[in-house]
Q: 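Can you keep this structure in mind? I'll have questions shortly.
One-based numbering, in listed order, for ligands and for the atoms of each. In this text, all values refer to a predicted model and were calculated from it rather than measured experimentally.
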Amino acid sequence: MLTTEPCILVIFGASGDLASRKLVPAMYEMHVAGQLHASTVILGVSRTQKTDDAWRDELKAWVSQQVKNFDAAKYAEFAKRLFYFPGDAVKSECYPPLEKRLAELAAEKGTRGNLLFFLSVAENLYEPIVQQIDDAGLVVEGKRWCSIDPNTKSWQRIIVEKPFGRDAASAASLNRALGRAFEEESIYRIDHYLGKELVQSMLVLRFANSIFEPVWNWQYIDHVQISAAETVSVGQRTAFYDQTGAIRDMIQSHLFQVLAFVAMEPPSLYTPENVRAEKIKIIDSISVPTADEVASHCALGQFASDGKEAAYHELAGVAPGSTTETYAAIKVHFDNWRWAGTPFYIRTGKKLAQKRTEVVVQFKPPAANLFRKVPGFGGEAPNRLVIEIAPKERFNLRFEVKVPGFGLRGANVDMQLDYADQFKTEPVEAYGPLIVDAMRGDQTLFKHRVEVEGAWNAVMPFLDERSAAARAGIHANYACGSWGPASADELLARDGRAWRNEP
Ligand code: BG6
């Protein structure tokens, strides 16, 4: 059984949006859930000058806004874990006083020199900060750290947020930079989608039951849809987003994690090594489209003006004529035995009709239709399993039943399991359980170096010059509040299929 060890969680980029909106609220939830060691503290590092108390007050507003059931008394307890250090983490002069502060906290709280760094900064700062951490001698890998507790071995780990590179080459370069300072066992490449309850539940559904896995293959599954539709726009992040686009922002990262859990082979045992090895294998078996295939394997779009906000390509901060996609749908095939001929369609976009993150597993029709000559039988939609990840957490299994009464008529019905009803729980912020896993040294739900580079290789044709044809006519090619460009419907229609858009 893994236990949470005391540590200092050092958040670089403590004044940023991610830290305020997600990380600290997630840590509050973990504190309330009793998941943090009593001695664990959080040290926020950022350039802005402020005191511990000022940071605590600032965060109170964020936490109360972000979490359900905020409790001021519990926050006051939690706030005792929060400390702030003003400094520019890319500069070497930041480190002697930072090390001093870490040593003081470690001695005072008894955190044994265990440090968990979280890079919550712009991507271009990852490598310089890792270099500085290393140069400052903060990473000692199992040996004593500073002058604290010379007899106790400590650990230093690092959590790296996405984007993890822009392509395979830059991801490899970042991996090398991290690898110079940390062992692979100490590097936690985080993807908050793996912290989502229903994403984790996928492996339990598949591998802790006997009824799903026998049919979880090309023989029984017609196709799979993975959707992450958002109603929001790109917010204040236009400059970042314009360099990134939906494929990098969502598909290569989050949705490939979901894809891996839906498609991977069963590991022999649920251990970090085994799960990560299977994820590497499945991502590696994605069939990368040729230059000729790219345009017919994807649909890209940009939202039009909604009358209030400008169209994406006219937003301030977006490069003139930008062809960055705010919507992307891609078709993925695997070169492996299990999924031969079964396509996986993945789509995501901003300013769409609904906030909806889900996996649709569409089964093939029964081998023979015994009711084909029954007049007015109806029904006949094939079985379908919908795993709703957000905003609701639900499983829906559709199957055919007889309509009660005289005569023989079929109807499609849904059997539903709603997590909130069943378990009487509210979803927690996905970062929380993942950060706690990192505190425990459990890498199961973090990405391996090889997997990240493999995921980049698989999406590159959709991003580089091979995608030019798919980007022609991208400007304002879908209406706000719609389900995306017409080309996305055509992508499936060409294969005789349709997206699940019904509520
Ligand atoms: C982030 C992306 O990683 O995930 C955002 O950068 C996106 O653009 C967000 O909105 C979606 O996360 P969630 O948990 O709301 O589905």
Q: Mind listing the N or O contacts between ligand 1 and protein, cut-off under 3.5 Å?
A:
unit_1   : atom_1 : unit_2 : atom_2 : d
ligand 1 : 3 (O)  : K162   : NZ     : 2.8
ligand 1 : 3 (O)  : H254   : NE2    : 2.6
ligand 1 : 4 (O)  : H254   : NE2    : 3.4
ligand 1 : 6 (O)  : K162   : NZ     : 3.1
ligand 1 : 6 (O)  : R237   : NH1    : 3.2
ligand 1 : 6 (O)  : R237   : NH2    : 3.3
ligand 1 : 6 (O)  : D249   : OD1    : 2.6
ligand 1 : 6 (O)  : D249   : OD2    : 3.3
ligand 1 : 8 (O)  : R237   : NH2    : 2.6
ligand 1 : 8 (O)  : D249   : OD2    : 2.6
ligand 1 : 8 (O)  : K350   : NZ     : 2.7
ligand 1 : 10 (O) : E230   : OE1    : 3.2
ligand 1 : 10 (O) : E230   : OE2    : 2.5
ligand 1 : 10 (O) : K350   : NZ     : 3.1
ligand 1 : 12 (O) : H192   : NE2    : 3.3
ligand 1 : 14 (O) : H192   : NE2    : 2.8
ligand 1 : 14 (O) : K196   : NZ     : 2.6
ligand 1 : 15 (O) : K355   : NZ     : 3.0
ligand 1 : 16 (O) : Y193   : OH     : 2.5
ligand 1 : 16 (O) : K355   : NZ     : 3.1

Q: My understanding is that only residues two or more places apart in sequence, or in another chain, count here; which of them pass side-chain hydrogen bond (donor to acceptor under 3.5 Å, both in side chains) with D418?
A: none

Q: Under 6.0 Å from the six-membered ring centre of Y193 and within 45° of its axis: does the NZ or CZ of K196 meet both?
A: yes

Q: Regarding Y478 and T326, is there a side-chain donor-to-acceptor distance under 3.5 Å anywhere?
A: yes

Q: For H254, what residues pass the side-chain hydrogen bond (donor to acceptor under 3.5 Å, both in side chains) criterion, not counting sequence neighbours?
A: D191

Q: Distance-only check: which donor-acceptor pairs under 3.5 Å involve side-chain atoms of residues 427-438, not counting sequence neighbours?
A:
unit_1 : atom_1 : unit_2 : atom_2 : d
E429   : OE2    : Y431   : N      : 3.4
Y431   : OH     : E161   : OE1    : 3.0
Y431   : OH     : E161   : OE2    : 3.2

Q: So is R248 actually on top of F462's ring, under 6.0 Å and inside 45° of the axis?
A: no

